[in-house]
Enquirer: 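Before anything else, here's the structure in question.
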Number of protein chains: 2
Amino acid sequence: MTTSRVTIKDVAARAGVSKGAVSLAFNHKPGLSEATRDRIFEAARELGWAPSTTARTLAGSRVDVVGLAICRPARLLGLEPFYMEFVSGVESVLIERSCSLLLRLVRSVEEEAGLLESWWRGRQVGGSILVDFRLDDPRVAAAERLGMPVVAVGHPSLTGSLTSVWTDDATAVTEAVRYLAALGHRRIARVGGAAALGHTATRTAAFDEAARALELAGAWQVTTDYSGESGARATRSLLTAAAPDRPTAIVYDNDIMAVAGLSVAAEMGLSVPADVSLLAWDDSQLCRLTRPTLSAMSHDVHGFGADVARTLFGVITGKGPGSHPVPTPVLTPRGSTAPPRV
Amino acid sequence: MTTSRVTIKDVAARAGVSKGAVSLAFNHKPGLSEATRDRIFEAARELGWAPSTTARTLAGSRVDVVGLAICRPARLLGLEPFYMEFVSGVESVLIERSCSLLLRLVRSVEEEAGLLESWWRGRQVGGSILVDFRLDDPRVAAAERLGMPVVAVGHPSLTGSLTSVWTDDATAVTEAVRYLAALGHRRIARVGGAAALGHTATRTAAFDEAARALELAGAWQVTTDYSGESGARATRSLLTAAAPDRPTAIVYDNDIMAVAGLSVAAEMGLSVPADVSLLAWDDSQLCRLTRPTLSAMSHDVHGFGADVARTLFGVITGKGPGSHPVPTPVLTPRGSTAPPRV
DNA sequence: CACACTCCCTAAACCGTTTCAGTCCAGTCA
DNA sequence: TGACTGGACTGAAACGGTTTAGGGAGTGTG
C-alpha cells in the first residue's frame, strides 16, 4: 500500500518555499541561503523524496542513462567473459555519477543503428557506447547524423569522426608473434574471431605483416565465430597435417577457443607445450584453470570499461572528438608456451 | 546537426488533427476513423516521429523499462556464463514488448533494496527482476512494502509473498547424488556456491538428506565463492586424504569450479573419471571443451530468463502472486563420471 | 534621500505526452 | 420536426520537474 506519490510540491510546502527553490537546492545551483538549503534537504529527507528522473529529463536537463547495445548471437554471449567484465567496469564509473546502463541485445548493427536513433530522439539515453565495429559500420553515420554523444570502442580507422577508445591490436599481435618466434617457432597459426569485425581485420593484417617481417616458414590464419566449437574445429584442422608441416604454435583470439584448442591437442595425442604451443587472448580466470595453464595476451577489461565510460562523459559534456588508446595487452607467459621440440 | 526536435504537435499539425488524436492513434485506442488514423501515421512517418517515452511515462502511462540488479563481485561476474545467458533470455521477450532492460551492478542486497525503492518512486522501471536470494532477504520486504511488481528468482520459501520463478534444486541435487550412487560411489563430496545464497542452503540440505537416505559411507560439503580459485582449493583439500578415505566423486555448484577441479585432479596425478568422478552444474559450453568432457546437471538458462520476463509482465499487468517452477535440471552424462575404480 | 547593486526567493512558462470532459455533427426514431 | 444517440474529434488539465524574468528587502554610495 503506497501513499500517494510525494512530489517536489510537497517538499516545497513542508520547507515553506517554492518548487523552484527545491529544484535549485537539489541541483546545487547558487541563489539560495545555506539555511534554506538545509531546511529543504531536511524536508526532503523526512518525506523520503528524490527528484523524478523522468520529469527531470522531460524538463530538458541531462539524461542520466547511457545505452549499450551488444550484437552477438545469444549463445556466444554467455560464454564471453569479456562483456560482463566490461559492463562491470562501465558501471563502476556510472555509479559515481548516479547514472544507469540501458542494455540491449540486438541482432544486427543495422538494427542497432535504428535503436540508436530512437533512443536519441526519444531522449531515452544521454549517450551511448558502441562496440564491435564492422568495416563500413552503419552506426558511424547514424551517430554522426544525429549528433549523438557516443564513444566508439574500436580503432579510429573504423569509427569515422566519432570519439574512440581502443587497444592497439596490431602491436599486440606483433608482440605475440615475436614472442613465439623468439622461442624458436617458425610455423605459427592464428585462430581469429569473427571476420566481419574490424579488429579481426586489424589483427589479421598485423599477423601477416609480422610473419613476413620475421620470415616465418609457415603462417596460417582462419576466422571463426569465437565459439569453443569453432576453436576446436579450427585447431583440429590445423593439427592434422603431418609433423614437419604442422604449426608448432597457435594464437587464439579469445580464451574460450584456446581452452578448446588445448582439449583438441590432448585428444590428438599432442602434448602442450612440447608439441604445440598455445597462446590465448583476453586473459580471464579461465586461463589459470587448465592443465597446462594458458599463456595469454592479457588486458584489464574492467579498467577498459571504466575508461570508456569516463570518455563518454567527456563527450556528453561537450568535449570534442578524440582518440584514446588504452594500454596494449601484455604477454603473460604460463604453461602453454615453450620452445618447439627440435 | 539536428533540426529542432519534432513533437506530437508537429505531427498533429501536419495531419490536421489535435494532439489528442495523434495520441489515440499511436496507442491503438478507439475513437478515430480509419482514414484519420492513416493520415496520422503517414504524417508521423514523414516527420520521422516516435512518441517520447519520457513524456509518456511522466503522463502516467506504463513504464517500458524493467530493472535487473546483480549483486556479485565484479571479478566473478565476468566468468559466470549464467548471467549473460540469463539476460539474453530476458531480452528475447522484452524485445517483443519493446521494453528495455535497466542493468545495475550492486554491492549488497541492502543497496539493491534501496535502489529498488528509488527506481520505483522515480518511475524509472515498471517492474524488476530479483535474483540471488539470501535467507531473510531485505528485498522481499522492500518490494512488498512498495507494492512494486517484481519477479523473484528463487524458491518460494525465500521470497515471501512475491511471485517467484524457480528451479527445483533439491530434486536436482538428489538426482545427482542418486546417479553417482548408482554408479557405485559411496563417498561423495559437494563443492557448493556462496553460503549466503538461499539456493545454496537448499542444495546443502538436499545433499545431506540424500546422503542419509542412501546411507553413503562418506559425504562432504564445503561452500565457496563460485570462483575457479575456490573450486581448485576445495578440490585440493578434498583429494589430499589417503585413498580409502578420499571421496570418489565430487559435485560442483557451477562449471567454472568443476573445470578447476579437473585441473587439480590432473595436478595431483589422479585420473578422471577412474580415480575420481566430477559432476558440474549450470552446463555451459565450457563443459564440452575439457578433457575429459564434464558431465553436468544442465538446464536451459536462456529459456529460464525468458520465463522470468514473461512472468514479470504477468505481474505488471495485475496478475496475482504465484509460484512458477521451471523444469528441473537434467543430468547430462559425459566423460567425467564413471563407476569408481574398485 | 534617491539610486544602484546584491542577494534570496517566487511565479509562471515550459518540456511532450495522456486523459477526459466536452463539442459537433450525422443519423435514427417517434 | 424535435429529441435522442453514438462516433469522431478537440481543448485543456494533468504529470513532476527545470528555468528564467523579475520582485522585494537589505546594503553601500554620492
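FYI, side chains are in, hydrogens and waters are out, and symmetry mates aren't considered; it's all heavy atoms of this structure.
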Enquirer: Atom CD of Glu34(A) to atom P of dC8(C): distance rounded to whole Å?
Expert: 10 Å
Enquirer: Starting from P on dG16(D), measure out to CZ on Arg121(B) and report it in whole angstrom.
Expert: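 For the pair Arg121(B) CZ and dG16(D) P, the rounded distance is 13 Å.
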Enquirer: Just compare dT10(C), dT18(C), dT19(D) and give me whichever is closest to any side-chain atom of Val17(A).
Expert: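 Closest nucleotide among those given: dT10(C).
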Enquirer: Roughly how many Å is it from CG in Asp64(B) to P in dT17(C), rounded to a whole number?
Expert: 13 Å
Enquirer: Expressed in angstrom and rounded to an integer, what is the separation of Arg56(B) atom CZ from dT19(C) atom P?
Expert: 9 Å
Enquirer: Given the side-chain rings of Phe26(A) and Trp49(A), with only the six-membered ring counted for Trp, is the space between their centroids under 6.0 Å?
Expert: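 Under 6.0 Å, so yes.
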Enquirer: Can you tell which of dG16(C), dG17(D), dT17(C) lies closest to the side chain of Ile8(A)?
Expert: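 From the listed options, dG17(D) comes nearest.
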Enquirer: Report yes if at least one side-chain N or O of Lys29(B) is closer than 4.0 Å to OP1 or OP2 of dT18(C); otherwise report no.
Expert: no
Enquirer: Between dT18(D) atom C1' and Arg123(A) atom CZ, what is the distance in whole Å?
Expert: 12 Å
Enquirer: Taking Gly322(A)'s backbone N and O only, do any of them form a donor-acceptor pair with Thr163(A)'s side chain (distance below 3.5 Å, no angle check)?
Expert: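 Side chain of Thr163(A) to backbone of Gly322(A), a donor-acceptor pair under 3.5 Å: yes, one is there.
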Enquirer: Consider the side chain of Leu32(B), meaning its heavy atoms from C-beta on, and name the nucleotide among dG17(D), dC9(D), dT10(C) that approaches it most closely.
Expert: dC9(D)
Enquirer: Would you indicate, yes or no, if dG16(C) has its OP1 or OP2 atom less than 4.0 angstrom from a side-chain nitrogen or oxygen of Trp49(B)?
Expert: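 Result: no.
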Enquirer: Want to settle it: does Asn27(A) or Leu24(B) sit nearer the 5' end of DNA chain D, counting the closest nucleotide to each?
Expert: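 The answer here is Leu24(B).
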Enquirer: Check every atom of dA8(D), dT18(C), dC8(C) against the side chain of Ser33(B) and return the nucleotide holding the closest atom.
Expert: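 That would be dA8(D).
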Enquirer: Has the side chain of Asp10(B) got a donor or acceptor atom that lies under 3.5 Å from a matching backbone atom of Thr7(B)?
Expert: yes
Enquirer: Is the shortest heavy-atom distance from the side chain of Val153(B) to the side chain of Phe86(B) under 4.5 Å?
Expert: yes
Enquirer: Expressed in angstrom and rounded to an integer, what is the separation of Lys9(B) atom NZ from dT10(D) atom P?
Expert: 15 Å
Enquirer: Remember a base hit wins even if backbone is also touched, and classify Thr36(B) as base, sugar-phosphate or nothing at under 4.0 Å, heavy atoms.
Expert: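 Sugar-phosphate: the residue Thr36(B), judged by heavy atoms under 4.0 Å, touches backbone atoms but no base.
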Enquirer: State which of dG16(C), dC9(C), dT18(D) makes the closest approach to the side chain of Ala55(B).
Expert: dG16(C)
Enquirer: For the side chain of Lys19(B) and the base of dT17(C), is some donor closer than 3.5 Å to an acceptor across the two?
Expert: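 Looking at the base of dT17(C), it does pair with a donor or acceptor on the side chain of Lys19(B) (distance under 3.5 Å).
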Enquirer: What is the distance, rounded to the nearest whole Å, between atom CG of Leu58(A) and atom C1' of dG17(D)?
Expert: 8 Å
Enquirer: Return the value, rounded to whole Å, for the distance between atom CG of Asp10(B) and atom C1' of dG16(C).
Expert: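 In whole Å, dG16(C) C1' lies 11 Å from Asp10(B) CG.
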Enquirer: For Phe26(A) and for Gly16(B), find the nucleotide of DNA chain D with the closest heavy atom, then tell me which residue's nucleotide is more 5'.
Expert: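 Taking each residue's closest nucleotide, the earlier one in sequence belongs to Gly16(B).
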Enquirer: Examine dT10(D): is either OP1 or OP2 under 4.0 Å from a nitrogen or oxygen in the side chain of Ser18(B)? Give yes or no.
Expert: yes
Enquirer: Check every strand shown and say whether Ser23(A) touches a base, only sugar-phosphate, or nothing at a heavy-atom separation below 4.0 Å.
Expert: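 It contacts base atoms.
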Enquirer: Rounded to the nearest 0.5 Å, what's the gap from CG on Leu103(B) to CD1 on Ile129(B)? Could you check?
Expert: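 Reported value, rounded in 0.5 Å steps: 10.5 Å.
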Enquirer: For residues 94-116 of chain B, which residue pairs pass the side-chain hydrogen bond (donor to acceptor under 3.5 Å, both in side chains) check, not counting sequence neighbours?
Expert: Glu112(B)-Arg139(B)
